[in-house]
Structures are given as C-alpha cells and as structure tokens.
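Counting starts at 1 for both ligands and their atoms, in listed order.
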Amino acid sequence: MKITVLGSGGWGTALALLLLENGHDVTLWSYQEAESANLREKRENPVLKGVPLPEELKLTADMNCVRGCGALVIATPSFAVRGTAAQVRGLLDPGAVLVSVSKGVEKDTSLTLTDVIAQEVGEAHPVVGLSGPSHAEEVGRGVPTAVVAASKDRAAAELVQDLFMSRRFRVYTTDDVVGVELGAALKNIIALCAGVCDGLGYGDNTKAALMTRGLTEIARLGEAMGGRKETFAGLAGLGDLIVTCTSMHSRNRRCGILIGQGAAPAEAVREIGMVVEGYYAAANAKNLADKLGVEMPIAQAAYQVLYENKDPRAVIAELMTRKKKHESEESWV
Ligand SMILES: NC(=O)c1ccc[n+]([C@@H]2O[C@H](COP(=O)([O-])OP(=O)(O)OC[C@H]3O[C@@H](n4cnc5c(N)ncnc54)[C@H](O)[C@@H]3O)[C@@H](O)[C@H]2O)c1
C-alpha cells in the first residue's frame, strides 16, 4: 500500500522504516524542508543514530505526497496534530485511513488526538490510534515490540494491524479508543514524576508506589471519560507506563530527573530539546479532573510542581500525608 508518515521525528522515522520493511511504498514527510534535506543528504535521522534510511524510503516536505495514499500515519507532536490533519484534508483519497501515533490530549479542547483528526478530515475517513510500550530507538533497531491499534471501526483497526504487524512488531486490536489514548497521554505525567523521584534520589519503593497509584488515577479519569478499566492494565496503559517510567529513552523521565535535581521546569523542558508531552498532559489532566470531579492527586501534584513552582519534596510530603484510604474504592462496600 502507498503510505505517508507525517512527521520525521524519531517515532515517525522508526515507523516508516517498519512499514517499508513490510513491503509498503512509504514516504516520510518532514515539517520543514531543511529537516527533509538533511535526511536526504545523511540518510540517517540524528535521533536514531546508526539506523540507515534506505534509498527506497521517499523523503519530502511537500504535502502533495499524501495524494493516492491508502493510509496516513500522523506522528507529529500532539500540539501539531490538528494543523497537520487540516493540511491533508483536501488531498486525501476516498476511504484513506488515518493512524494517530502521537501521544497527548489537545490543550484547549481536551479532545483525544483521534477525535481531533476526525474533526479535521471528516467522517468518511476511519481513524485508528496506535499505542503501546514502544521507544523509537528500540523499534528503530528492530527489537520485539507489542502495541495496540484502537478504533471504533473494526475493519480499520484490523487493516492497521495488518500494515504494521511483523515478526518484530506485534499489533493487537481494541475498540476502546478513549482508554488507549488516555493511557498513552497520561502516563507521560507519571513518567515525569518518576524522573523527579529519581532526581531527588528516592528509591525503587517510591517509584513503584508512584506507578501503581498513578495508574489507578489514570484509570479513574479514563473510566469517567468512557474508557474501560481493563484497557489500563493493557499495553497502552500499564505496558507504556512501565516503559516510560523505567527507561532513559523517556524524555519525560529525563525532564523529571532534571527537575528533581533542582532545575526550573521550563528550563528542564528546554534542555531536553524534544517535545516533553508530560508537561502539557499535566495541565490537561488537571483541567479534565476538575471538570469531571475526578480525584487525581498525583497529576495535581505534578501540576503544582510544573506550573506553580512548588517544591517537589513538599508536594510528595503532602501526597504521603493525605487522609487515610482503602487501596481499592470497592473495599467493604
Ligand atoms: N519517540 C518515541 O519513542 C515515541 C513513541 C511513541 C509515540 N511517540 C509520540 O509521537 C509523537 C512524536 O514524537 P517524536 O519522538 O517523533 O518527536 P520528535 O521530537 O523526535 O519530532 C517531532 C517532529 O515533529 C515535527 N514538528 C515540529 N513542529 C511541528 C508542527 N508545528 N507541525 C508539524 N510537525 C512539526 C518536527 O519537525 C519533528 O520532525 C509524540 O506525540 C510522542 O509522544 C513517540
């Protein structure tokens, strides 16, 4: 199939290589001509060092490349998803499937990214979210990875499963789009917090507690928004949480480490240099939690550190001394 991947960051590039390996006719589109020219010249993406870009991979910054494609993969940072989808609107072939692989929630609307894309391209085009524990650096070097393709349109989810699936990339399907997308977006907050704990010199106990309680509150918000509880125990929930909270590939975790070591949040985000989705997701989670009346103490604490200059140690002390609770809300009811 003719496929364009929109966004030539680490993730777009790793997925373009995977699709090429699966025998598709693949174009990798860059936001800026200079970025595309650099890829054409070096045949390597600077964020995926040592991974060559074969000659068969087409590289361009001309959006006309999406004409005639059966599938489009949107792999820009979350803030650029709406603008990118709007640009392709008049160029799509009838029935072309859109695949969202970005992780986030739209800042002003709190919409999931598949909803943002659907708003821009219209209902004639199925939209699928692809997510799970998948660092670009590792997919780029071909290590076994498993993800989930989520769509209300079963045929579209199964098409995406077929396009991406290979001996090294296993794809499951689900219809719980909200669950998958919220798991993907919100775990970045917890990864940032895990980094803060590492930067403060706290240990494995602290991180395990943070991950477990973090997942509980992600699932609580997810369920309030229509997601299914079991999705948060799956690849896009627990799976992605484990990978981002424990790996140095995670820029959210690396950003948190800098904050834990004393950097101001905005300075830490700048130093990472690439998009730190957890920074924006913390503001979105706070808005959503307030709007829906959902208790999300860790996301609230992250918001205070990131946007209100509160000291991480003080915020963690407050989390530890909240009023006593049962572990499960269903206990003894
Ligand atoms: N890197 C990973 O391992 C990974 C894995 C899964 C999902 N994701 C998600 O994929 C998305 C992209 O991540 P990445 O790691 O490839 O990012 P990146 O920081 O490596 O690259 C971002 C790309 O987006 C482009 N861009 C910047 N501003 C733009 C705009 N206004 N319009 C269109 N394009 C623009 C940049 O030119 C760059 O090529 C993020 O939402 C991320 O959470 C990343």
Side-chain angles (χ1 to χ4, degrees), residues 4-18 28-39 44-49 51 53 59-63 66 72-88 99-107 112-114 116-117 120 129-141 143 145-150 164 169 171 180-192 235-236 239-241 243-244 246-255 269-281 284:
T4 290
V5 178
L6 296 158
S8 60
W11 194 218
T13 304
L15 290 177
L17 289 170
L18 177 71
L28 181 60
W29 173 88
S30 295
Y31 174 56
Q32 287 168 321
E33 172 50 33
E35 195 175 333
S36 189
N38 189 45
L39 295 178
E44 188 187 68
N45 189 320
V47 296
L48 293 181
K49 288 230 181 302
V51 180
L53 305 181
L59 301 164
T60 183
D62 179 355
M63 197 51 109
V66 308
L72 260 81
V73 180
I74 301 193
T76 66
S78 61
F79 67 79
V81 166
R82 185 179 290 279
T84 307
Q87 280 187 65
V88 303
V99 188
S100 171
V101 300
S102 307
K103 292 180 178 172
V105 176
E106 193 176 48
K107 186 159 166 273
T112 60
L113 300 177
T114 56
V116 168
I117 295 170
E120 291 299 326
L130 187 74
S131 189
S134 48
H135 286 310
E137 294 82 350
E138 297 190 359
V139 173
R141 65 184 175 86
V143 306
T145 298
V147 299
V148 58
F164 284 90
F169 200 78
V171 185
V180 163
E181 288 207 271
L182 282 182
L186 300 180
K187 56 85 194 170
N188 284 329
I189 308 169
I190 308 301
L192 221 153
L235 288 164
D240 211 354
L241 187 73
V243 91
T244 32
T246 58
S247 168
M248 277 312 274
H249 289 311
S250 167
R251 63 194 74 166
N252 291 287
R253 176 166 173 249
R254 281 188 279 124
C255 180
V269 169
R270 257 195 313 277
E271 183 157 342
I272 294 298
M274 298 182 281
V275 60
V276 179
E277 296 281 16
Y279 182 75
Y280 307 101
N284 287 323

Enquirer: I'd like to know if the side chain of Glu35 pairs up with that of Ser30 as donor and acceptor (distance under 3.5 Å, no hydrogens or angles considered).
Expert: no
Enquirer: Using a 4.5 Å cut-off on heavy atoms from C-beta on, say whether the side chain of Val51 contacts that of Asn45.
Expert: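 A side-chain contact is absent here, since even the closest heavy-atom pair is not under 4.5 Å.
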Enquirer: Taking the side chain as everything from C-beta on, heavy atoms only, tell me whether Leu235 gets closer than 4.5 Å to Pro133.
Expert: yes
Enquirer: Please confirm whether the backbone N or O of Val275 pairs with a side-chain atom of Arg251, one donor and one acceptor, at under 3.5 Å?
Expert: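 Pair found, side chain donor or acceptor close to backbone of Val275.
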Enquirer: If I take atom NZ from residue Lys107 and atom CG from residue Asn284, how far apart are they, to the nearest 0.5 angstrom?
Expert: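 Rounded to the nearest 0.5 Å, the NZ-CG separation comes to 8.0 Å.
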Enquirer: Taking side chain to side chain contact (heavy atoms under 4.5 Å, CB included) as the test, write out the residues that go with Thr76, two or more places apart.
Expert: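 Ile74, Ala80, Val81, Thr84, Ser102.
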Enquirer: Exactly which residues line ligand 1, taking a heavy atom under 4.0 Å from it as the test?
Expert: Ser8, Gly9, Gly10, Trp11, Tyr31, Glu35, Ala75, Thr76, Pro77, Ser78, Phe79, Ala80, Thr84, Val101, Ser102, Lys103, Ser134, His135, Ala136, Arg251, Met274, Val275, Glu277
